[in-house]
Structure formats: C-alpha cells, structure tokens
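First the structure, in the form of structure tokens, and then the observations on it.
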2 protein chains.
Amino acid sequence: MSLIVQKYGGTSVGTIERIQAVARRILATCRAGHQVVVVVSAMGKSTDMLVDMAKQVIDHPSPREMDMLLTTGEQVSTALVTMALHAQGWDAVSMTGWQAGISTEEVHTKARITEIDPAPIQQALGQGKVVIVAGFQGISESGQITTLGRGGSDTTAVALAAVLKADRCEIYTDVDGVYTADPRIVSSARKLARISYDEMLELATLGAGVLHPRAVECAKQHQVCLTVRSSFSEEEGTIIEEEADMEQGLVISGVAYDKNVAKITVVDMPAKVDTLSNLFAVLAAEHVNVDIIVQSSYEAETTNVSFSVSGDEVKKTLDVLHKQRDTLQFGYVVAEKELAKVSIVGAGMITNPGVAARMFTCLAEAGVEVKMVSTSEIKVSCVVPLEDMEKAVCNLHTVFGLDTKEKAVVY
Amino acid sequence: MSLIVQKYGGTSVGTIERIQAVARRILATCRAGHQVVVVVSAMGKSTDMLVDMAKQVIDHPSPREMDMLLTTGEQVSTALVTMALHAQGWDAVSMTGWQAGISTEEVHTKARITEIDPAPIQQALGQGKVVIVAGFQGISESGQITTLGRGGSDTTAVALAAVLKADRCEIYTDVDGVYTADPRIVSSARKLARISYDEMLELATLGAGVLHPRAVECAKQHQVCLTVRSSFSEEEGTIIEEEADMEQGLVISGVAYDKNVAKITVVDMPAKVDTLSNLFAVLAAEHVNVDIIVQSSYEAETTNVSFSVSGDEVKKTLDVLHKQRDTLQFGYVVAEKELAKVSIVGAGMITNPGVAARMFTCLAEAGVEVKMVSTSEIKVSCVVPLEDMEKAVCNLHTVFGLDTKEKAVVY
C-alpha cells in the first residue's frame, strides 16, 4: 500500500459537478489500494470574489485580515470534497491548515511553512480515512491564520508529501502537463513526459504557471516525486524528478515567460562595500521579492543598481525605498513597467556553450530590445518590452528546435 | 470606561454597505469612550448558500463537515467588519471562535459552550483594539471546529459578555425590540420597553425569534444586562433584565408562536418505572430536542407517551425510535405534522389563577382544537393545528388586553 498526495486546483473544484468528479478520482485511487491525502484550493473564482469584497471595504486591507478572509475559501472546498466522498460511501475527514499541523512563519499573505506535525493526518489515515486538507494556509506560532501566498496549495501538497514520506505527489490542474512553451502562444508547443527538478524550477520561477516554484524547490529538497496532470482527462502528465539518470538530449526543454515584470533602477547610490547588502536587506525586510539584479559598477563614487520585481509590487517597492532614502542615500529611482521576462530553460545548456549568444541573436533579429539579462547554469532570461513578448517566445521556440514534433524529448 | 459587547445578525452585515454602517455604529460606541467586543453572524444568505451547496453534494451531510463548511461564513464577516473599522482609521482585530478561546462540547451543529478563556480578547482590548469575534462557533477538546446551532451568535455574545464582565450586551437585529406578539400577525402588537429574563426566556423558547433562548438563559444565569435593538435605526430597543424591582402589572406580556411543531406518540410501551427515562435517554443521546411531553398513565400494562419536536426532526426522531425498538418495546409510533405552538407568557401569571382556563376558553370559542398543553409558572402553551395558529394568536392578544395601546407596560 502506497501513500499518495493529490492536489486539486481551483478550476478542478470550481463547481459542485467538478467536486463530484474529483471525489470519483480520489476514490479510484483509494480503490486501487492506496492511502490518499488530498490538498484542495478554493473553488474557482471564490478567492477573487472575497478579494473584491475586501477592496470594496478598504483600499489596502490588512494582511492579517486578508488571510482571515481568504482561508475560508479552501475551508469550504475541503468540507464539500469530504462530503462528496461521503456521498460515495467512503470515509473521509477535512482539516484546515492548523488542524493538519501546518505551522508557518509569523508573516501574512506569503508565509513559509516552518514545520508540519504529521500526527493528525497519520492518525486519520490509520483510521482508514481519506484526509482532505485546506491548501494555502497554516498557523503561526502566535496562533494567527496565515497564508502561503501564490501557489501556496502546491507547496502545501509537496510539503505534506515530504513529511508523510508519500510515494508520490500528484498535482491536478487545468493543463495536462508541462509544455515546451505556453500552447496559447506557441501552437507547436509539445508536452514533456519528464523534466528535472532544476529545469522545472527555472520554468516555474519564470512563469510557466503550471506549478509554483516553492513547491518544486520543496520537492527537489525532499526528493518528492511530482506529477503534473489534468483533472479533466485521463492523459498521462509530466513527471518531475531528479535528472541523475536522464540522458541529455535537447539543448533546451522549454521557453517560459512572465508578463508582469517591472524594472526598478536606483540611481546614484554611494559606491560602498555595503551598498548592495543595505539595499536588498531593506527590501527583504519588507518582503519585496526581487528577481534579476544588475549592477553596473565602475570606478566612481556612486553606482546605479537595477532590479526586477513583479509589476504588482512597484508601488510597495517605491514606498519602501523612499521611506529608507536617508539610510540608503540614493539620488533618485526610475521605475519601468509594462515589461516581460522571456526565458529558455534546459539542463542541456550546461554542456552547450553559446546558448545565450544564440538567444540574443534570435531576439535581435526579431527586433526585440533586451533590457536586462540573467543567466544560470540551466537558463537564460531576458527582460523585454511586454508588447514584444509573444514574438520573442515564438521565435525562440522555433530557433531552439522545439517545434519539431518528430524529435523525442530525451535528456 | 465600560465594556460593551455588541452582536450583529446576518441581516445587519448582509451587504458591504451594511457592514460599513455597522462599523460606523461600533465606532460611535468607541468614540463615546467604551471598550467594544463585537460578535458577528454570517452575511445575510451566505449560510443558506453554503447549506445549498452541501445538499447538492449529499442528502445528509456529516455534522462535522457541516460545521467546517458553515463556520467560514462568520469568519468572512469578522474579517470584513474588521477591515471596515480599519478603513475608518480604528484599530481592530478579528478572531475565529477558537482564536477567541471559545471551547465547546464534542458535539457538532449544536454544541454548547463549556468554557471561554478571556485572555486573547482581553489582551487585544488592552492594546486598544476593537475585537471582532466570529459568532456561532467554537472548538472542541479534540480540536474540531464546532457550531452552537441556531441563534448561536446570540449565545456567543452573551457568554462573552458574562466572561468579560461586560457592562452590557447589545443584540442588534432587524427588529427594533421585543413585541407583545409578532407584528406581522397581530397589527396591534406593541413594543415592550423592558421584560424579565424569565418572560423573555419563555418568549424566546416559544418562537418569538428575536433572541435565542440559550442566550437569554445564559444572560439570566450570569446577570448580563441585555438589550435588543435594530441595527437600522436609532430607536431604543427592549431591555431584558432581572424582574426583582419590577412591579407586576399586566397579566401577560406577550403571545408567542412556533409554526414548526410535530407531535410524536409512542403507543403501547410497557408501563414500567423506567419507561419514560429509557425513551428520553435514547432521544437525548441522539440530540433530539424534545419540547412538550404528555403521558397518559393509567392502571394498565402498557402506556402511551406523546411529545413534541421540531418539524425538522420528525424523520430523525422516527429513525432513532425504530432503531431502538427492541430496547424500548413499544407497539408503534404516530407522527402528526403541520402543527404549531401558541403560548401566552407573563410574570403576572403567577399571581393570577385561571389564566390557563381563560386561554382554553378563548381558543375553544375560536374553534381551535388543542392537541397538547404545557404550563410553567409564567407561561401556558397549546399545540394547535398550524392552519389555526394565526387566529389563535390574534384572539389571545385581544382577550388578554394586549391590544390596548393606552395601557403602559408595567410589571
């Protein structure tokens, strides 16, 4: 008997009929002799509805109260999925984040899981029950209800799979796997049968949107075997696992994008040893997520630092910077919005020099201006104008040979 | 500085505009220099919506999962009311039942509060915050989310007022006080300025609907000064307090009704000493709320027992009885539905013999059949056919002099 953790996203539990379908799928896994722990998101648009209500009441709702408000969405789903299993005659029990023993940092709207006590879930499993856990939420040490932020339910699922030593973690979503590029943009995009944690991590971070990067990171760290598949079909999904045994074939395995990027440039900072650390310490303290960082350092008394943030965090970032202006001693700040990040990802890159150059050539030939560049061992990202994003993605997909359907995806 | 507990019902927080109005009312109390703890119900029809969803999934949802589902409604209200106070620049914090230290029995959908730890609320009050508590809910010893059943938010408010030693507890609802009869049925019904706990208790139990009997009971027990008033007007409501200092004037102070009554008769039970205790122990164990009990005992080997239950509990009652048929050894069971209970309530009754007789005469003259009778020191209740209920209420209101507007209500 193996233990399987399944996660169903908001679309998968969007209506009563879909909740019933999810129950049937869970039941099929139970009947195959497995123990099952299920993590669910809030129903379809219910989170948006709650956010709307909050915005009607106040422009900037308190993060603590937002968590209080939003966590009800997952709680509703867990109860309904549990009832749907009962309706099929199977024993099941729902748990909120705190009931499932999920502890988090003392931070609201984007807390990280600090610890999970497996006892409550293990006890229920021992009684032959399916356990339905509210994703996206936990409890802080002081007893506050917290949320894990975007993609939090994926993280809940993987973290539970790790702590419970589950045999695998299945992420059910509205797409049937991980593609070489977004099929809505690139018609020739193909589904990958397998992908490594690292590549998935880059794809996830870069906005492929299928799986939250924190979830992949957690899966990699704890070697949780992850599957992404559709809750609306029986098709095989994409398996995400260690690349150790895989051959390296294609140079790159996917093209990803993130269309909500802004570039912030802090001009005329004192060129001291601690300038960078001061700047990013201040931003980190206020939980601003910085992505790409570019510093053009030269022999001078002042320096400029550019970094990218999510388009939603521009206002907050500027507020934080201006509040700390005396400490940071910069001249002024420039914010560029309406940008996108386009990235190519692939384990094959490590052994293939010149991949970045090929990417820049491709973008130059397409007339796409590159505003920032960031590279890692398995990816190259370029920040480009939002209006050029689609063109960039399609051209890269073609140039790197991902259109070729005949070519099997081997690593 | 006094401490005031306010409770706002579902209609009072039914829309964003109403939530904002509630926030303004809370704020006025704060600005008058009081500490305020607020208990809120779920928004308008949100509980009904959740119940509907559950019914779509399964005919008889598990009580535990219903509690899991329904408690989200109050949690949403607390967060929104808190945000509305923030929007007005006032510090406030929301709490679920378990965060507010409200412990209950290990029973679902109708748990009773066993204990309240005042520390979390007191701490927040000490920080100058208004505390917004989710009504209707608590946590059991084993960590399950429980609900207090119908009128649970009233009970939460009164219990908090008792534990926190509040100066008064204000119940805001969609009616502006306690009337001598339901104004929708009796056009000459008048609002009472004051009423005693005992009379209110009888009226509440009998279905006056303004205030839940458990809340009144709790208020009486802990001598909590209770006010019922409308959240939509500035009108004075009705004060409910000890009758010690009141003169007794009117014979009765109100006519109440409950239009959802069923009569169950268990026929041919063995006429033994423990027959009654066995029967009602079995019903109590399954949490069937029995109201009036009538046993026609005579010298024979068998006996019949009749009792009334809520119309909603007929099926459950019959199920319980039939399951225990071997133990209880009865012949058969008769269930009569479509009944109502009509009651007259008044502290004056104690010193006025013949009140019951006058009631029976009044009903007989109106041609209303009396199916069961129950009396206490301050009330007489008759179970009558539902179709005659309105006629019965109106005639009693007139016969007992409640139509007379000139007559001041003194006790």
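Proteins come first, then strands; the chains are lettered A, B, ... in the order of their sequence lines, and each starts at number 1.
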Heavy-atom pairs under 4.5 Å with chain A: which of B:Met95, B:His86, B:Glu65 has the most?
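If we count pairs closer than 4.5 Å to chain A, B:Glu65 comes out on top.
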Relative to chain A, which of B:Gln144, B:Gln20, B:Gln99 shows the most heavy atom pairs under 4.5 Å?
B:Gln99
Quick one: what part of [X] sits under 4.5 Å from any heavy atom of chain B, side chain, backbone, both or neither?
X: A:Gln56; answer: both
X: A:Ile145; answer: both
X: A:Ser77; answer: neither
X: A:Ile139; answer: side chain

Which atoms of B:Leu80 come close to chain A, meaning under 4.5 Å heavy atom to heavy atom: side chain ones, backbone ones, both, or neither?
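Contact with chain A involves both backbone and side-chain atoms of B:Leu80.
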Would you tell me whether [X] and [Y] have side-chain atoms, one donor and one acceptor, within less than 3.5 Å of each other?
X: A:Thr29; Y: A:Gln6; result: yes
X: A:Ser142; Y: A:Glu106; result: yes
X: B:Arg18; Y: B:Thr11; result: no

Quick one, B:Thr147 with B:Asp67, criterion side-chain hydrogen bond (donor to acceptor under 3.5 Å, both in side chains). Give me CA distance, side-chain angles, the key distance, then yes/no.
CA-CA 6 Å; B:Thr147 63; B:Asp67 283 357; 2.7 Å; yes
Going by side chain to side chain donor-acceptor pair (under 3.5 Å), B:Thr146 matches just one of B:Thr109, B:Thr71, B:Thr104. Which one?
B:Thr104
In terms of side-chain geometry, is the basic nitrogen of A:Lys315 or A:Asp319 positioned less than 4.0 Å from the acidic oxygen of its partner?
yes
Among A:Ala87, A:Gly73, A:Ser62, which has the most heavy-atom pairs under 4.5 Å with chain B?
A:Ala87
